[in-house]
Undergrad: 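Dumping the structure here so I can ask a few things about it.
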Amino acid sequence: MYLADCSTTPSGWAEALSAWPALGFSWIEYGGITRFPQEGNPKPRMFRAHSERALVNRMGFNNPGAAAVRDRLMARRASGMWPKVPVAANIGRSRKTPNESAPSDYSSSMEMLWNHADMFVLNVSSPNTPGLRELQEVDHLASILTECKMMSDRKGGGKPLLLKLSPDNSDDEVIASAQMALRKGIDGFVATNTTLHRPVPRNTTSRSVFAESGGLSGRPLQARSNEVIRLLYEETQSTVPIVGVGGIDSVDTAWQAVSSGASLLQLYSALVFNGPSVVSGIVKGLRKRVKENGFLSIEEAVGLDIT
Ligand SMILES: Cc1cc2nc3c(=O)[nH]c(=O)nc-3n(C[C@H](O)[C@H](O)[C@H](O)COP(=O)(O)O)c2cc1C
């Protein structure tokens, strides 16, 4: 069982890479990285609704661009500071790149980061880059995946390519994206990104946070993320792994994601609200839950609610 943080680090530049495994994460993800450098949206761009255990962010992929990240990671590796756990790179489309040119935007970033990641997550679901979510439509997806696969083949392959989906698409849309991705040989899915939907706020602070534009993460996202995990698990018939992410902040929510079909987990918002010990707490709790269920390994719990 892996636990990971999808680490847009506070500076957003893949700088905190070595710190995450010490918290108990057994794989890590940096990003989102774009082909071209970009500053992201003006600050403030992240907001906390404490009583809801939710964040709203509109970071907008603030990052120095794939080439600069590559150089930084190359230096990190040379200095012996590379983490000993698997590392994923999360790739987004550059804001200035139109959707028609998205395939080469994604594949160029992947190519630049090829030697600095064990797997790649194609993020076609961030709500904070105008038009980006349209890339989940099958025609766009087909072109992006074809080009990224070709690039991967040129490099000799061997690095899984995952697709990160939105919780805001209808079930039919999720299934259509998944089917196309499977036809194009996708190696796994990440479910889900943040949502544009807002729950009914509990108080005035939450009301003002929820009025901010951007993607909502944390506890209110958990139910829909779980549904998307289930949909994908049913659709893929467990042929490829699903990374569960969205509102995981406890043993119960982690177990729900696993029993809905996730074989890998990530969390982000819980680090903000629960602090770093949330990770080891979940890992310990999951081990206990595995034993209580009479399983030998957590793998036996994957998709338990469905099979
Ligand atoms: C501040 C912030 C920045 C994020 N940046 C990215 C990103 O660059 N790429 C991406 O795919 N997801 C990004 N996400 C979404 C998370 O990876 C995750 O899918 C989402 O927050 C749901 O998980 P959570 O409820 O555990 O936070 C970001 C989330 C937050 C809160």
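This structure is a prediction, so every number in the text was calculated from the model and none was measured. Note that ligands are numbered from 1 as they come in the structure, with each ligand's atoms numbered from 1 the same way.
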Undergrad: With respect to Leu55, determine whether any N or O atom, backbone or side chain, lies less than 3.5 Å from an N or O atom of ligand 1.
TA: no
Undergrad: With a cut-off of 4.0 Å, which atoms of ligand 1 are near a heavy atom of Met46?
TA: 1 (C)
Undergrad: Cationic tip of Lys159 within the cone over Phe120's six-membered ring, i.e. under 6.0 Å and within 45° of the normal?
TA: no
Undergrad: With backbone taken as N, CA, C and O and side chain as the heavy atoms from C-beta onward, which portion of Asn193 lies under 4.0 Å from ligand 1: side chain, backbone, both, or neither?
TA: both
Undergrad: Taking only heavy atoms of Val245 into account, list the atoms of ligand 1 that are under 4.0 Å away from them.
TA: 18 (C), 19 (O), 22 (C), 23 (O)
Undergrad: Within ligand 1, which atoms have a heavy atom of Phe61 less than 4.0 Å away?
TA: 8 (O)
Undergrad: Any N or O on Thr192 sitting closer than 3.5 Å to an N or O of ligand 1?
TA: yes
Undergrad: Look at atom CD of Glu39 and say whether more than 12 heavy atoms of other residues, nucleotides or ligands are closer to it than 6.0 Å.
TA: no
Undergrad: Could you give me the CA-CA distance, side-chain angles and deciding distance for Asn169 and Ser177, then say whether side chain to side chain donor-acceptor pair (under 3.5 Å) is met?
TA: CA-CA 10 Å; Asn169 285 0; Ser177 299; 4.7 Å; no
Undergrad: Indicate yes or no: does Glu227 engage Arg224 in a salt bridge with an N to O separation below 4.0 Å.
TA: yes
Undergrad: Mark up the atoms of ligand 1 that fall under 4.0 Å of a heavy atom belonging to Gly247, in ascending order.
TA: 24 (P), 25 (O), 26 (O)
Undergrad: Going by an N to O cut-off under 4.0 Å, is there a salt bridge joining Asp105 and Lys96?
TA: no
Undergrad: Indicate yes or no: does an N/O atom of Lys164 lie under 3.5 Å from an N/O atom of ligand 1?
TA: yes
Undergrad: Suppose clustering is done on Ile, Leu, Val, Met, Phe, Trp and Tyr with side-chain heavy atoms closer than 4.5 Å. Which residues sit in the same group as Leu196?
TA: none
Undergrad: Mark the output for Gly218 as yes if a heavy-atom distance to ligand 1 is under 4.0 Å, and as no if none is.
TA: yes
Undergrad: Is Leu221 in polar range of ligand 1, meaning some N or O pair under 3.5 Å apart?
TA: no
Undergrad: Run the numbers for me: atoms of ligand 1, each under 4.0 Å from some heavy atom of Gly32, listed by number.
TA: 7 (C), 8 (O)
Undergrad: So for ligand 1, is Leu267 a polar contact partner (N or O within less than 3.5 Å, distance only)?
TA: no
Undergrad: Under a 4.0 Å threshold between the charged nitrogen and the carboxylate oxygen, would Lys288 count as salt-bridged to Glu292?
TA: yes
Undergrad: With a 4.0 Å cut-off on heavy atoms, is Ser126 in contact with ligand 1?
TA: no
Undergrad: Under the side-chain contact (heavy atoms from CB on, under 4.5 Å) test against Trp255, which residue among Ile298, Ile248, Ile282 passes?
TA: Ile298
Undergrad: Counting both backbone and side chain atoms, is some N or O of Gln266 under 3.5 Å from an N or O of ligand 1?
TA: no
Undergrad: For Val56, which fellow cluster members are found when Ile, Leu, Val, Met, Phe, Trp and Tyr are connected by side-chain heavy-atom distances below 4.5 angstrom, either directly or through intermediates?
TA: Phe47, Val209, Phe210, Leu216
Undergrad: Can you sort out which atoms of ligand 1 are near Ser269, meaning under 4.0 Å from one of its heavy atoms?
TA: 24 (P), 25 (O), 26 (O), 27 (O)
